[in-house]
Every structure is written in structure tokens, then in C-alpha cells.
2 protein chains.
Amino acid sequence: MRTNLPDKPENCMVEVAMEILGGRWKLAIVYKLLLQGTHRFGELKREMTGITPRMLTRQLRELEEDGIVSRTVHREVPPRVDYALTETGRSLEEIVRLLDGWGRWYLDHRPGTSPSNPEQARQTADGPAGMR
Amino acid sequence: MRTNLPDKPENCMVEVAMEILGGRWKLAIVYKLLLQGTHRFGELKREMTGITPRMLTRQLRELEEDGIVSRTVHREVPPRVDYALTETGRSLEEIVRLLDGWGRWYLDHRPGTSPSNPEQARQTADGPAGMR
DNA sequence: CCGAATCCTACAGGATACTG
DNA sequence: CAGTATCCTGTAGGATTCGG
């Protein structure tokens with residue numbers, strides 16, 4: 001395996017999940033592949049504003065090693081490579097959606113911030129949307 | 001605020017969430033406070049095996065700044081400080097539980113690993129427990 | 001088009017010792 | 001007990017250039 005995961009059967013496997021998913025762009029990539037399906041390398045690069053090709057490659061390779069995304073090379077000219085979520089990757093759907101919702105909610109509720117766009121964010125008084 | 005969060009209303013707030021929760025011990029701390037309620041500094045230190053006092057302090061302070069954790073100092077001798085989740089912190093419950101479940105499931109299903117303890121892990125054929 | 005190769009560095013994270 | 005104060009290090013992440 002790529003990283004040495006802590007073997008702590010007693011408790012908290014959150015750290016394990018974070019070890020796999022903690023990369024700067026990883027969950028964002030999963031998010032894209034989840035909502036918009038298979039992407040080519042260039043498509044991902046275009047949509048992930050700010051990422052360098054090197055970083056995109058690395059994050060994708062690590063996700064591949066960890067069994068989250070699959071990589072299919074079409075032997076054509078010009079080259080074409082498709083990235084998609086594996087079954088394991090798709091099992092992250094609920095988590096990714098909740099994280100996205102939480103982030104959206106948090107941006108509008110973090111300490112010392114007044115809601116920037118009240119009608120866009122459908123927040124409630126007691127938590128992020130869709131969490132109950 | 002502590003960190004400069006990307007203001008990208010178009011999409012993917014997963015990165016925002018990760019910015020807040022991405023620390024090495026943060027979600028583990030949230031997990032503890034969530035399942036076992038208020039903790040003192042020393043209790044947390046004892047239960048988070050491997051963490052140094054410096055790291056514990058830092059992660060707790062950042063969580064506090066971000067409104068996830070509350071810190072109450074009891075003016076006694078010897079000193080006593082309690083840490084608990086805020087309402088915002090508690091809004092992470094479902095996410096943390098799912099991540100823990102996913103991590104547990106993943107440990108038993110990652111590529112090239114045979115289930116180490118089949119009867120302890122209650123996994124299914126198509127994903128982590130409690131995700132459908 | 002899809003990367004690989006090289007070089008670089010800030011900072012997350014840690015070891016250790018000390019204190020009100 | 002609940003932290004600081006110093007000092008240190010690895011590596012995650014990046015900028016840039018080149019190749020099949």
C-alpha cells in the first residue's frame with residue numbers, strides 16, 4: 001500500500017479515511033467525477049482551476065493506487081485518457097455531498113460573517129441543508 | 001479568519017470543508033468529543049495516542065477559531081480546561097460517522113488485502129455499512 | 001494531448017524541555 | 001494540569017521546462 005495506515009482497531013477510522021482522501025485536490029476530483037461522470041485529463045485540468053499538470057497527475061495516480069479512480073488509456077492519436085470513479089470511489093458519494101453541503105453552509109455561517117447571499121444559500125437555523 | 005478560503009460560488013465546497021477539517025488530528029478530536037462528550041486537555045492527550053501537547057493545543061485552538069470547539073477555563077487549582085463541540089461542531093456528526101464507517105470498511109477492502117477480521121467488520125458487498 | 005523530469009520551499013507536524 | 005518555548009524535518013504541493 002502507498003501509505004502506512006495506522007492499525008487501530010479500537011477506534012476512530014476517520015484518520016484512515018483522511019489518509020486516503022486528505023490530498024489538496026483529491027476530494028474535489030472525486031466530486032467532479034461523481035457529478036459529471038468520466039473525464040479526460042485535459043477536461044479535469046481545465047475545470048480544476050489552479051492545478052498544475054504535475055499535481056493533477058499525482059493526485060490521480062494516488063487515487064488510482066488507492067482504488068478510488070480508474071484510468072483507461074485509449075491508444076489513439078492524439079492520446080486520450082479517461083478517468084472515472086471505481087465502485088469504491090462511488091461509495092464516497094454521500095460523504096462528498098455532505099462535505100460539500102457543509103462547506104457551503106459554513107461559508108455563510110463562519111464566525112463574524114454575515115450571509116453574503118441569503119437567497120442563494122438555503123441554510124437552516126440549526127445546520128447545513130440536507131443533514132437531517 | 002484564520003485561512004483564506006477560496007470564494008468559488010460556482011462549485012465544490014468540499015475544499016472549503018477540507019481547509020477547516022484537514023488537520024492531522026482535527027476530525028479525530030471531533031470524533032472523540034462527539035461520542036464521549038466534553039473532555040479536559042489531559043483526557044484528550046491521553047486518548048489521542050501519539051499526539052504531543054503542542055500539537056493538541058494547536059489543533060484545538062484552530063478548531064476553536066473556526067467555531068467547531070468551545071473552550072472553557074475553570075479558574076481552579078489545579079487548573080481545569082474543558083473542551084466541547086459547539087453547535088457547528090455537532091453539525092459534523094453525520095460526516096464524521098460516515099468517514100469513520102468508510103475508513104473501517106476501506107481497511108478491509110483496499111486493493112490486495114484479505115479481510116483481517118471478517119466477523120468484526122460488518123461490511124457488505126457493495127459499500128461501507130450504513131451508507132445506503 | 002497527456003503527461004514526465006527537475007528543482008524548489010513553505011509549512012504542517014513533531015521532539016524536547018520548561019513553566020504559571 | 002495545561003499548556004509555552006525552541007528548534008527541527010519531511011513532504012505536500014508548486015513552477016517550469018521538456019518529451020512521445
Side-chain angles (χ1 to χ4, degrees), chain A residues 1-6 14-30 32-33 38-66 68-84, chain B residues 1-6 14-15 17-29 32-33 38-66 68-84:
Chain A
M1 188 182 31
R2 189 174 53 80
T3 44
N4 43 350
L5 299 176
V14 175
E15 305 180 43
V16 173
M18 280 301 121
E19 190 82 24
I20 304 295
L21 310 169
R24 168 79 179 76
W25 306 90
K26 289 189 182 173
L27 282 179
I29 292 172
V30 171
K32 278 254 169 277
L33 296 181
T38 304
H39 279 67
R40 315 179 43 166
F41 185 86
E43 290 174 340
L44 280 174
K45 178 161 160 35
R46 227 174 300 117
E47 296 182 31
M48 318 277 304
T49 39
I51 199 171
T52 64
R54 169 190 151 88
M55 279 315 293
L56 182 52
T57 302
R58 286 182 41 164
Q59 305 276 305
L60 283 171
R61 288 292 141 78
E62 291 184 6
L63 285 172
E64 192 189 358
E65 285 178 39
D66 291 332
I68 311 292
V69 309
S70 68
R71 176 172 182 267
T72 17
V73 182
H74 306 265
R75 303 225 64 240
E76 306 172 354
V77 170
R80 174 193 194 90
V81 181
D82 281 342
Y83 293 92
Chain B
M1 188 181 34
R2 188 174 51 81
T3 44
N4 44 348
L5 300 176
V14 175
E15 305 180 43
M18 281 300 121
E19 190 83 24
I20 304 295
L21 309 169
R24 169 79 178 75
W25 307 89
K26 288 188 180 172
L27 281 178
I29 292 172
K32 277 253 170 278
L33 295 180
T38 303
H39 279 67
R40 315 178 44 166
F41 185 86
E43 291 173 339
L44 279 174
K45 177 162 160 35
R46 227 174 300 118
E47 296 182 31
M48 316 278 303
T49 39
I51 199 171
T52 64
R54 171 191 150 89
M55 278 315 293
L56 183 53
T57 303
R58 286 181 41 163
Q59 305 276 305
L60 282 171
R61 289 290 143 79
E62 291 185 6
L63 286 171
E64 192 190 357
E65 286 177 39
D66 290 332
I68 312 292
V69 159
S70 70
R71 177 172 180 268
T72 10
V73 182
H74 306 265
R75 304 225 63 244
E76 306 172 354
V77 169
R80 175 191 193 90
V81 180
D82 281 341
Y83 292 93

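So that the names make sense, note that chain A is the first sequence line, chain B the second, and so on, each numbered from 1.
- In terms of the side chain to side chain donor-acceptor pair (under 3.5 Å) criterion, residue partners of B:R71 (sequence neighbours excluded) are, by chain and number, B:Y83.
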Anything under 3.5 Å between a protein N or O and an N or O of nucleotides 11-14 of chain D, put it in a table, one pair a line.
{"residue": "D:dG13", "atom": "OP1", "partner": "A:R24", "partner atom": "N", "Å": "3.1"}
{"residue": "D:dG13", "atom": "OP2", "partner": "A:R24", "partner atom": "N", "Å": "3.4"}
{"residue": "D:dG13", "atom": "O6", "partner": "A:R54", "partner atom": "NH2", "Å": "3.4"}
{"residue": "D:dG14", "atom": "OP2", "partner": "A:W25", "partner atom": "NE1", "Å": "3.0"}
{"residue": "D:dG14", "atom": "N7", "partner": "A:R54", "partner atom": "NE", "Å": "3.0"}
{"residue": "D:dG14", "atom": "O6", "partner": "A:R54", "partner atom": "NE", "Å": "2.8"}
{"residue": "D:dG14", "atom": "O6", "partner": "A:R54", "partner atom": "NH1", "Å": "3.4"}
{"residue": "D:dG14", "atom": "O6", "partner": "A:R54", "partner atom": "NH2", "Å": "2.8"}

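- By the side chain to side chain contact (heavy atoms under 4.5 Å, CB included) test, B:R46 pairs with B:E43, sequence neighbours left out.
- Atom CZ in A:R40 sits roughly 7 Å away from atom C1' in C:dC1 (whole-Å rounding).
- Here the C1' atom of nucleotide C:dC1 and the OH atom of A:Y83 are 11 Å apart, to the nearest Å.
- Comparing D:dT4, D:dA2, C:dC2 against the side chain of B:T57 picks out D:dT4 as the nearest.
- Between A:R75 atom CZ and C:dC1 atom P there is a gap of 18 Å when expressed in whole angstrom units.
- For A:R46 and C:dC1, the CZ to C1' distance is 11 Å, given to the nearest whole Å.
- Atoms CD (A:E43) and P (C:dG3) sit 12 Å apart, rounded to a whole Å.
- When each of B:L63, B:L21, B:L60 is tested with B:K26 by the rule side-chain contact (heavy atoms from CB on, under 4.5 Å), just one qualifies, namely B:L63.
- For A:E76 and C:dC2, the CD to P distance is 10 Å, given to the nearest whole Å.
- In this structure B:P53 satisfies the side chain to side chain contact (heavy atoms under 4.5 Å, CB included) test together with B:F41, B:K45, sequence neighbours excluded.
- One interatomic measurement links the two molecules: CG of A:L44 to P of C:dC2, which rounds to 10 Å at whole-angstrom precision.
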Strictly under 3.5 Å: I want the nitrogen or oxygen pairs between protein and nucleotides 17-19 of chain D, one per line.
none

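- A rotation axis mapping the C1' atoms of four pairs onto the next four is fitted at both ends of the helix from C:dC1-D:dG20 to C:dG20-D:dC1 over five pairs, and the angle between these axes is 60° to 10 degrees.
- Residue B:R71 is in sugar-phosphate contact alone, with no base atom involved, counting any heavy-atom pair closer than 4.0 Å across all strands shown.
- A:H39 is listed as a side-chain neighbour of A:E47, based on a closest heavy-atom distance under 4.5 Å.
- Among residues two or more places apart in sequence or in another chain, the side chain to side chain contact (heavy atoms under 4.5 Å, CB included) test is passed with A:R54 by A:T52, A:R58.
- Shown here are the salt bridge (Lys or Arg N to Asp or Glu O under 4.0 Å) partners of B:R40, two or more places apart in sequence or in another chain: there are none.
- The interatomic distance linking B:L56 (CG) with D:dA5 (P) rounds to 17 Å, in whole Å.
- By the side chain to side chain contact (heavy atoms under 4.5 Å, CB included) test, B:V77 pairs with no residue at all, sequence neighbours left out.
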